[in-house]
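Both ligands and their constituent atoms are indexed starting at 1 by order of listing. Computed from a predicted structure; not experimentally measured. Along the sequence shown, the residues carry numbers beginning at 1.
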Amino acid sequence: MTTHVNNPRFSNKEHNGMTKQKRTVNKSAALLISGALLAVAGQASAAGGTGVPVPYRISSDCMVCHGMTGNNTIYPIVPKLAGQHKGYLELQLKQFKDRTRADQNGQIYMWPVAQSLDAAKIKELASYFASQKPAMQSSGVKHAGIKEGKVIFNQGITNEQIPACMECHGSDGQGAGAFPRLAGQRYGYMVQQLTYFHNGTRVNSLMNQIVKNITVAQMKDVAAYLSSL
Ligand code: HEC
Ligand code: HEC
């Protein structure tokens with residue numbers, strides 16, 4: 001029996017949580033910026049220590065949600081960006097800007113941010129986050145279904161015509177180029193994106209087809225495995 005996903009409850013819950021948390025953080029970020037600009041600038045130049053200059057917008061526009069080095073671990077629906085592939089990051093920022101990535105959280109949180117980015121800034125931001133070390137990795141929180149998720153990732157599910165995820169995302173979920181790294185990505189974020197691909201609100205011809213028949217339980221299993229890496 002295949003249970004299809006219809007507006008799962010967790011997305012609303014996470015969404016409301018985010019709005020609440022965002023309000024608090026925005027307030028403290030405003031305090032930080034008005035009260036301690038110098039401290040923020042100091043933190044910015046020390047970030048990651050990779051030698052890639054920090055684009056000026058990170059501290060004002062991205063840090064609040066993604067963290068200074070793209071390794072945010074506070075909000076379940078906000079993806080980690082540290083060590084994500086440059087080509088993939090660039091593509092996503094372009095798609096938020098031209099509004100072709102139109103899933104709900106993208107519209108709410110990333111459309112306003114991406115609107116003011118030009119092509120040069122997009123490249124700069126993508127390079128910055130791609131070069132942050134360490135690359136996104138497990139937060140140590142274990143979710144149920146790691147073992148089952150590993151089988152889906154490595155072998156797919158033949159009777160539901162779901163191919164092995166590793167064919168595109170790499171044997172360790174490391175990704176390459178336009179295929180995103182999934183190893184160490186956040187559990188809640190990945191379940192949310194699989195839901196969007198499944199219901200078609202995030203458009204990608206490959207992923208929409210691949211997760212057409214996936215169940216909520218299978219999404220959670222594969223996300224449990226990948227977030228544990
Ligand atoms: C208000 C919070 C917020 C701010 C500020 C913000 N982001 Fe995001 N970002 C999000 C959320 C939430 C998502 C997930 C959107 C979705 O589900 O489609 C996201 C997604 C992304 C993605 C897609 C990653 C992936 O794995 O597909 C990129 C790239 C990104 N943000 C870059 C940035 C950059 C660069 C900035 C600063 C210029 C920034 N964001 C500012 C909340 C934010
Ligand atoms: C044929 C290649 C291919 C296969 C097989 C594949 N993917 Fe993907 N996947 C992609 C591409 C390409 C993207 C980026 C889509 C975009 O640019 O919006 C993606 C994006 C994703 C994302 C979003 C990542 C982010 O940061 O937002 C998740 C999660 C994901 N895939 C999970 C899976 C899982 C789980 C499987 C196996 C059931 C799988 N993929 C199989 C090509 C593939």
Residues two or more places apart in sequence or in another chain: which of them pass side-chain contact (heavy atoms from CB on, under 4.5 Å) with Asn72?
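Only Ile74, Tyr75, Val78, Arg186 meet the side-chain contact (heavy atoms from CB on, under 4.5 Å) criterion with Asn72.
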Closer than 2.8 Å to atom 8 (Fe) of ligand 2 - protein N, O or S atoms, ordered by chain and residue number
His169 NE2, Met207 SD
With a 4.0 Å cut-off on heavy atoms, does [X] reach ligand 1?
X      : answer
Gln192 : no
Phe129 : yes
Gln193 : yes
Val64  : no
Met63  : no

Check ring-ring contact (aromatic ring centres under 6.0 Å, His included) between Tyr187 and all other residues, then give those that pass, not counting sequence neighbours.
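Applying ring-ring contact (aromatic ring centres under 6.0 Å, His included) to Tyr187 gives His143.
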With sequence neighbours left out, the residues meeting ring-ring contact (aromatic ring centres under 6.0 Å, His included) with Phe96 are none
Geometric N/O contact His66 with ligand 1, under 3.5 angstrom
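The answer is yes, given that His66 and ligand 1 share an N or O pair closer than 3.5 Å.
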Find all atoms of ligand 2 within a distance of less than 4.0 Å from any non-hydrogen atom belonging to Ile162, and give their numbers and elements.
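Matching atoms, with element in brackets: 38 (C).
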Of all the atoms in ligand 1, which lie at a distance below 4.0 Å from a heavy atom belonging to Arg101?
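The list of qualifying atoms is 16 (C), 17 (O), 18 (O), 23 (C), 25 (C), 27 (O).
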